[in-house]
Amino acid sequence: MNGHDPNPPRSFHTDERAISEVVAFILVFGIILSSVALLSVTGFQAMEDYQENEQLRNAERAMDALAENFNDVLQYSGIEERDSELSLREGTVTTGSGGTELNVSVDGTPITNRYGSEFYDPDTETVTLGEFRYAAGSETIAYDGGAVVREGETGSAVVRQPQVMCSPERDRAVISLVALNATERSIQSSDGLQFTMTPTDRTVEIIDVSEDVSIDVEESSAERAWEEGVLERNGWNNGVCDSVDEVLVTVVEATIEY
């Protein structure tokens, strides 16, 4: 025998290297798991956000098409009803008789005081447009007097302009509004739903103007949309239309059933 051990003990450096490899593997594996978990959370959140945004874009387009169909009652007095369908996709539709309130004045005097139209509230001197809104998450798309507005946590914006115009070059202003007298009701569904608008009354007045026509938003959850997106456009200046000789006011009262 030569005195050499056939199985010499492992050196300290060899054991240390093995431990380092195990620690490195654990760290890498932990980083991979953490990354997968993080990507899963952010990925699912991004997917949910995308689905909600896509749902709202579809609802926006559908409500715009619905408004175009419903607004025919402002142009054609012979229409008895209008049907339109909206795919809810787990969203909620709410109807009611409240909603946006507008004060329409000619030469500083509210129309209700001068002309006694039954569509105007003599106590508040306003016309109430009623409610027809689709909600998904924190966002809402609403049919508002002929307009379509989108409301959310950051404010509101106009999707479709109402038929409210100031045309000094034609010496005329035009104010055409739909006032909904709808039952207080909400419904949530994943299916498409058909809505029927039925005009119940109509007021058309041509009013001489000496100074100006004005529209004030007395109450609205979409106040910013009306003030910035409607009453600062189409010839209006902060809700005032001057240099016109007359204003054509059309208000159609209607019900909605579904």
inquiry  = Do Met197 and Tyr76 sit in one hydrophobic cluster, given that two such residues count as connected whenever their side-chain heavy atoms are within less than 4.5 Å of each other, even indirectly?
reply    = yes
Full working for side chain to side chain contact (heavy atoms under 4.5 Å, CB included) between Leu248 and Val204 = CA-CA 7 Å; Leu248 171 63; Val204 180; 3.7 Å; yes
request  = Please round to the nearest 0.5 Å and tell me the distance separating atom CD of Glu257 and atom CD of Glu81.
outcome  = 8.5 Å
request  = Taking all heavy atoms of Glu184 and all of Gly98, pick out the closest pair and write down the distance.
outcome  = OE2-N, 4.3 Å
task = Would you name the heavy atoms of Val149 and Ala222 that are closest together and state the gap between them?
result = CG2-CB, 3.8 Å
request  = Compare every heavy atom of Ser156 with every heavy atom of Ala225, then report the nearest pair and how far apart it is.
outcome  = N-OG, 3.0 Å
task = Kindly indicate whether the side chain of Thr198, heavy atoms from C-beta on, has any atom under 4.5 Å from the side chain of Glu80.
result = no
key: Exercise: identify the closest heavy-atom pair between Trp226 and Ala147   = CZ2-CB, 4.5 Å
key: CD on Glu131 to CG on Leu180, rounded to 0.5 Å   = 9.5 Å
query = Can you check whether Asn234 reaches Gln161 side chain to side chain, under 4.5 Å on heavy atoms?
reply = yes
query = Hey, does the side chain of Thr183 reach the backbone of Arg185 with a donor-acceptor pair shorter than 3.5 angstrom?
reply = no
key: Distance (rounded to the nearest 0.5 Å) between Arg172 CZ and Asp245 CG   = 10.5 Å
key: Residue pair Ser77 / Arg202, side-chain heavy-atom distance below 4.5 Å   = yes
note = dist Thr250:OG1 -> Leu177:CG (nearest 0.5 Å) comes out at 9.0 Å
ask   = Taking the side chain from Thr200 and the backbone from Glu253, do they hold a donor-acceptor pair closer than 3.5 Å?
value = yes
ask   = Distance from Ile79 atom CD1 to Leu74 atom CG, nearest 0.5 Å?
value = 9.0 Å
ask   = With hydrophobic residues grouped by side-chain heavy-atom distances under 4.5 Å, do Val209 and Val174 end up in a single group?
value = no
ask   = Would you call Val213 and Val240 a side-chain contact if the rule is heavy atoms closer than 4.5 Å?
value = no
inquiry  = As a quick check of understanding, evaluate salt bridge (charged side-chain N to carboxylate O under 4.0 Å, His left out) for Glu60 and Arg150, giving each step before the final call.
reply    = CA-CA 8 Å; Glu60 203 172 277; Arg150 180 167 177 167; 3.0 Å; yes
ask   = Under a 4.0 Å N-O cut-off, is there an ion pair linking Glu68 with Arg160?
value = yes
request  = Tell me yes or no: between the side chains of Tyr143 and Asn71, is some donor less than 3.5 Å from an acceptor?
outcome  = yes
key: Test side-chain contact (heavy atoms from CB on, under 4.5 Å) applied to Ile111 and Ile175, Thr203, Val249, the passing residue   = Val249
ask   = Any side-chain heavy atom of Glu246 sitting closer than 4.5 Å to one from Asp171?
value = no
key: Pro199 to Val73 - nearest heavy-atom pair and separation   = CG-CG1, 3.7 Å
key: Within-4.5 Å side-chain heavy-atom neighbours: Gln75 and Ser176   = no
query = Is the side chain of Gln194 donor-acceptor paired with the backbone N or O of Glu85 at a distance under 3.5 Å, no angle test?
reply = no
ask   = Can Met165 be reached from Val244 by stepping across I, L, V, M, F, W or Y side chains whose heavy atoms are under 4.5 Å apart?
value = no
Derivation of the ring pair (Phe, Tyr, Trp, His ring centres under 6.0 Å) call for Phe195 and Phe70 = CA-CA 10 Å; Phe195 299 89; Phe70 282 178; 7.8 Å; no
Within-4.5 Å side-chain heavy-atom neighbours: Phe132 and Val178 = no
query = Can you find a heavy atom in the side chain of Leu88 that is under 4.5 Å from one in the side chain of Asp191?
reply = no
task = Tell me yes or no: between the side chains of Thr94 and Tyr134, is some donor less than 3.5 Å from an acceptor?
result = no
key: Gap separating the CG atom of Asp144 from the OG atom of Ser220, nearest 0.5 angstrom   = 5.5 Å
key: Arg233, CZ: over 12 other non-hydrogen atoms inside 6.0 angstrom   = no
query = When you look at Ile187 and Thr92, which way does the side chain to side chain contact (heavy atoms under 4.5 Å, CB included) test go after all the steps?
reply = CA-CA 6 Å; Ile187 184 169; Thr92 301; over 6 Å; no
query = Looking at Arg224 and Glu151, does any basic side-chain N land under 4.0 Å from a carboxylate oxygen?
reply = no
ask   = Just by modelled atom types, is the Asp212 backbone N or O under 3.5 Å from a matching donor or acceptor in the Asp107 side chain?
value = yes
remark   = Minimal heavy-atom distance between Val106 and Asp208, with the atoms involved, is CG1-O, 3.7 Å
task = Kindly indicate, with the supporting measurements, whether the criterion side chain to side chain contact (heavy atoms under 4.5 Å, CB included) is fulfilled by Val158 and Val230.
result = CA-CA 8 Å; Val158 177; Val230 177; 3.8 Å; yes
request  = Test side chain to side chain contact (heavy atoms under 4.5 Å, CB included) on Val247 and Ile206 and set out the steps.
outcome  = CA-CA 6 Å; Val247 55; Ile206 298 177; over 6 Å; no
query = Under 4.0 Å between a Lys/Arg side-chain N and an Asp/Glu carboxylate O for Arg82 and Asp72?
reply = yes
ask   = Would you say the side-chain atoms of Asn103 pair up with the backbone N or O of Thr126, donor to acceptor, closer than 3.5 Å?
value = no
inquiry  = Could you tell me if Thr255 and Asn181 have a donor-acceptor pair between their side chains, going purely by distance under 3.5 Å?
reply    = no
